[in-house]
2 protein chains.
Amino acid sequence: MAEPATKDLILDTAERLFAERGFAAVSVRDITAAAGVNLAAVNYHFGSKDALMTALFVARVTPLNRERAKLLHEAEGRSGGVAKLEDILHALVAPPVRWWLGPDAALSVSVQFLMRAYAETTPGIRALLEQDVAHLQRFVLALARALPRLAHDEICWRLHFALGVMHYTVSERRRLQALSAGSCDLKNTESIIRRMVAFCAKGFQI
Amino acid sequence: MAEPATKDLILDTAERLFAERGFAAVSVRDITAAAGVNLAAVNYHFGSKDALMTALFVARVTPLNRERAKLLHEAEGRSGGVAKLEDILHALVAPPVRWWLGPDAALSVSVQFLMRAYAETTPGIRALLEQDVAHLQRFVLALARALPRLAHDEICWRLHFALGVMHYTVSERRRLQALSAGSCDLKNTESIIRRMVAFCAKGFQI
DNA sequence: GTCTATATTCGGATAGAC
DNA sequence: GTCTATCCGAATATAGAC
């Protein structure tokens, strides 16, 4: 039943290279050479370079969104159906930031890959992004319940801003460290999540 | 004295294609064909594809940063040397958002190109990014003067978050419109700037 | 400055032996 | 499933005529 080692090896290697350099800048030859597998293996197992990218995106985004949905669901359960603003934002950003800065290096690569995949959508991924918007609608609804006086478009704007905070922070780690001359500590994951949630929660007030 | 038409035509065409598809996904052939110039013209005028990208980045980022610095300087002049928080954030985001949503389509392409160039740094651009960090240091200093009780690393974190709000908003226009089902209006530039500044300013409080 | 033609390398994808 | 060998188009870059 075990997946062939080659297939997973290709997925992990492609993910790392895509995360580092982007989709178009990485060739199938780069991937197979780095993985130590045969050149033809990508087309055998996935059909094409594009299909590999799509399979990879699905494999990584699914558990991340599941974790977000779980945290949101738990937050709603804790407070009688209407989650608090901070808890909604926490459900949104904690999973990716924990993957990013947590002890598991593979998960860190995964979230960096995902942020890149969102930014440089290939044809195969563009089609999947509709489902991803559906996932975000849960957060729109939760925010509307938590902040009933805020108009729908205002909820969307601010959710978009909050997503920007998270995406950019994960993608532009180098830039933050250059800007702060290294004074911004990236070791304490939970305090970074708190800082990010606090920033966004204040932005949602009034 | 006038620049040769071909050179500027290449710059404008390359900018548009890079903004739409990214650097690696656009070939010199794509650029010269779309511009209606000879294939060899890119190498004649710029030396290489990478050098074209670098020249383009410099040509666009310079006036944008100059405008930001001017607004910051004016804000400091208006209030006796120490600019107010909202005015600092306004100087940071108003120029790119005005380029993005203003009446000049060429400037809109320019800011989309720039956001992509920051995200997918080529070797030539990476070297230039140090100067760009120096430009951002003015904003760190201004924020530190406006918020003397905030620690240096906290200033950097929140400035980074504010940059994320702007970068992601400009880059992920499609995603915002899909998320909000079109209810987020992108026509009123100044009200979008106010919304963005307000969100970030609240995030800086306390 | 602009063109054609070309050198040379690399790209994704596949056929067919094992 | 994995390998070698290869097809064939596309990539960057340049040489040399005009």
Side-chain angles (χ1 to χ4, degrees), chain A residues 1-59 113 116-117 120-127, chain B residues 1-59 113 116-117 120-127:
Chain A
M1 180 62 219
E3 284 277 307
T6 298
K7 194 168 178 178
D8 283 339
L9 197 52
I10 289 171
L11 281 171
D12 291 345
T13 308
E15 179 176 43
R16 178 171 57 80
L17 294 177
F18 288 155
E20 287 168 0
R21 308 183 213 160
F23 176 73
V26 173
S27 69
V28 173
R29 289 174 145 85
D30 291 335
I31 296 164
T32 54
V37 303
N38 191 270
L39 171 60
V42 163
N43 283 288
Y44 175 78
H45 284 287
F46 299 95
S48 71
K49 180 190 173 187
D50 214 86
L52 162 62
M53 178 70 163
T54 305
L56 194 45
F57 183 77
V58 172
F113 160 75
R116 247 211 220 265
E120 326 175 1
T121 57
T122 60
I125 286 180
R126 250 187 296 278
Chain B
M1 181 57 220
E3 283 280 306
T6 298
K7 192 167 177 176
D8 283 338
L9 198 51
I10 289 171
L11 282 170
D12 291 344
T13 307
E15 179 177 45
R16 179 170 57 79
L17 294 177
F18 288 156
E20 287 169 0
R21 307 183 216 161
F23 176 74
V26 173
S27 69
V28 173
R29 290 175 142 82
D30 292 335
I31 296 165
T32 54
V37 304
N38 190 270
L39 170 62
V42 163
N43 283 287
Y44 176 77
H45 284 287
F46 299 94
S48 70
K49 182 191 173 186
D50 215 88
L52 162 60
M53 178 72 163
T54 305
L56 193 45
F57 182 78
V58 172
F113 160 75
R116 255 221 213 258
E120 326 174 3
T121 57
T122 61
I125 287 180
R126 250 186 296 279

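Quick note on labels: first sequence line is chain A, next is B, and so on, each numbered from 1. Given the structure is predicted, the values throughout are model-derived calculations rather than measurements.
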Point to revise | Nearest heavy-atom neighbours spanning B:Ile125 and B:Thr54 | key: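 Nearest heavy atoms, B:Ile125 then B:Thr54: N-OG1, 4.2 Å.
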- Query: Quick one: CZ on B:Arg116 to CD on B:Glu15, what's the gap to the nearest 0.5 Å?
  - Reply: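 Those atoms lie 13.0 Å apart.
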When rounded to the nearest 0.5 angstrom, what distance separates CG in A:Asp8 from NE2 in A:His45?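 Between atom CG of A:Asp8 and atom NE2 of A:His45 there are 9.5 Å.
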Rounded to whole Å, please give me the gap between [atom1] in [X] and [atom2] in [N].
X	N	atom1	atom2	result
A:Leu9	D:dG1	CG	P	14 Å
B:Leu39	D:dG16	CG	P	17 Å
A:Leu17	C:dG11	CG	P	12 Å
A:Arg29	D:dA10	CZ	P	16 Å
B:Ile10	C:dT2	CD1	P	8 Å
A:Tyr44	D:dG1	OH	C1'	5 Å
A:Lys49	D:dA11	NZ	P	12 Å
A:Phe23	C:dG11	CZ	C1'	12 Å

Judged by nearest nucleotide, the residue sitting upstream toward the 5' end of DNA chain C, B:Ala41 or A:Asn43, is B:Ala41
May I ask you to evaluate whether [X] reaches the phosphate of [N], defined as a side-chain N or O under 4.0 Å from OP1 or OP2?
X	N	result
B:Thr6	C:dG1	no
B:Asn38	C:dG1	no
B:Ser27	D:dA10	no

Hey, does B:Lys49 have a side-chain heavy atom less than 4.5 Å from the side chain of B:Phe23? yes
